[in-house]
Protein chains: 2
Amino acid sequence: MFLSTSHNKIDLKCRVSIPASFRVNLEKLNETLILFKSLQFKCIEGTTSTRMKTYIDAIDELDALSDEAFLLRMMMADSFEIKFDINGRVVIPDPLMNFAGLSDKAVFMGIGGSFYIWSPTEYENQYMKSQEILKEKGPPKLILKKN
Amino acid sequence: MFLSTSHNKIDLKCRVSIPASFRVNLEKLNETLILFKSLQFKCIEGTTSTRMKTYIDAIDELDALSDEAFLLRMMMADSFEIKFDINGRVVIPDPLMNFAGLSDKAVFMGIGGSFYIWSPTEYENQYMKSQEILKEKGPPKLILKKN
DNA sequence: TGGGATAACATGGGTTTTTATGGTAGTCAA
DNA sequence: TTGACTACCATAAAAACCCATGTTATCCCA
């Protein structure tokens, strides 16, 4: 699982250290890392190649002309298979840097099965927003067990 | 898996570099490359010979006289088995150049099991369209399930 | 429990390799 | 013999790789 939040530096070559705990998680699962443009937020999403393959398989099951299939194909086009260097760093592809508005700092946010990479300002905004919703509506009612 | 997007140049001999990651994918699968006219879009589709065989098998499952079978047979007729030169380049056959409206630039778009080759303008149009659909309808339900 | 030793991590920079792309020479067929 | 096609060579730019270093976290023992 990808959990916790950390702030890392992006250098001039667009290299950034993936938090060690995320790396360990990938290694343990024997997975390679995929980065892609989030469909919901102005951020990068990271996940395993296995999860990505399930989406690909889903494309074949859908009506090829449907909007869903169209969006999923575009999502693949905006996805990148990422290699680590010996120190656990990756290079963030240019299209992803631009999309997420990244420059010299990245915020890694583990959300379980995947993680987000935000620019510090965008992260702040989203965090504030979550706090406001929490104040207004109270905590979410989690359904932990389905019948 | 064919993932990510890249913009490559087509020279006067209609040669173009296939993105390295696509080539690696083909080599890893021990596959040869097939290019053919997309049935849905004004672009070239590239895939493995194995995947192409599944299309062929699909024809046999259909009513031999149906319009679908007719279309699929036409698709086969416009397919080309492509060889690489030593630098990982291919020559795009004339009929495909014309069909996709290609001249001096090609956009390679990986969509999982296969990839598209677009003219830059056509690619832009499709990308815009996907962003509009995303804004209107939101992300596919499949994506929302994963966290 | 304090504090030094050790390991793990994040980050910087240089070197080598790969990739994309332009060009040339050889080959075959009309 | 000319034109199209293929195989091969050259090069600049980009990416991958490797080594070095400061900083933080962990361990171990007195």
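On a predicted model such as this, the values are computed, not experimentally measured, just so you know.
- For M74(B), the CE atom counts as loosely surrounded, since its 6.0 Å shell holds 12 or fewer non-hydrogen atoms of other residues, nucleotides or ligands.
- Counting heavy atoms of neighbouring residues, nucleotides and ligands inside a 6.0 Å radius, atom CG of L65(A) exceeds 12 of them.
- Atom CG in D11(B) sits about 15 Å away from atom P in dA7(D), given to the nearest Å.
- The distance between atom NZ of K13(A) and atom C1' of dC18(D), rounded to the nearest whole Å, is 10 Å.
- Residue order along DNA chain D, read from the 5' end via each residue's closest nucleotide, puts F84(B) first among F84(B) and D85(A).
- I86(A) places its CD1 atom 17 Å from the C1' atom of dA15(D), with the value rounded to the nearest Å.
- Bounding nucleotides for the chain A contact on DNA chain C, 5' to 3', at a heavy-atom distance below 4.0 Å, are dC9(C) to dG14(C).
- When each of P19(A) and R15(A) is assigned the nucleotide of DNA chain C bearing its nearest heavy atom, the one mapping closer to the 5' terminus is P19(A).
- Other residues, nucleotides and ligands contribute more than 12 heavy atoms inside 6.0 Å of the CD atom of Q131(A).
- Using a 4.0 Å heavy-atom distance criterion, K83(B) is classed as making no nucleic acid contact.
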### Query
Does the side chain to side chain contact (heavy atoms under 4.5 Å, CB included) test come out yes or no for F2(B) and F108(B), once each step is laid out?
CA-CA 10 Å; F2(B) 298 106; F108(B) 288 81; over 6 Å; no

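- There is a side-chain donor-acceptor pair under 3.5 Å between E31(B) and T50(B).
- With distances taken from any side-chain atom of R89(A) to the nucleotides dC8(D), dA7(D), dC18(D), the minimum falls on dC18(D).
- Comparing N8(B) and N87(A) against DNA chain C, the residue whose closest nucleotide sits nearer the 5' end is N87(A).
- Hydrophobic clustering (side-chain heavy atoms under 4.5 Å, transitive across Ile, Leu, Val, Met, Phe, Trp, Tyr) groups L71(A) together with M75(A).
- Side-chain contact between F22(B) and L33(B) is absent, with no heavy atoms from C-beta onward closer than 4.5 Å.
- Following rounding to the nearest Å, K9(A) (NZ) and dG22(D) (P) show an atom-to-atom distance of 15 Å.
- Atom CD1 in I82(A) sits roughly 12 Å away from atom P in dA15(D) (whole-Å rounding).
- Residue-level contact check: I10(B) touches neither bases nor backbone, having no heavy atom under 4.0 Å from any strand.
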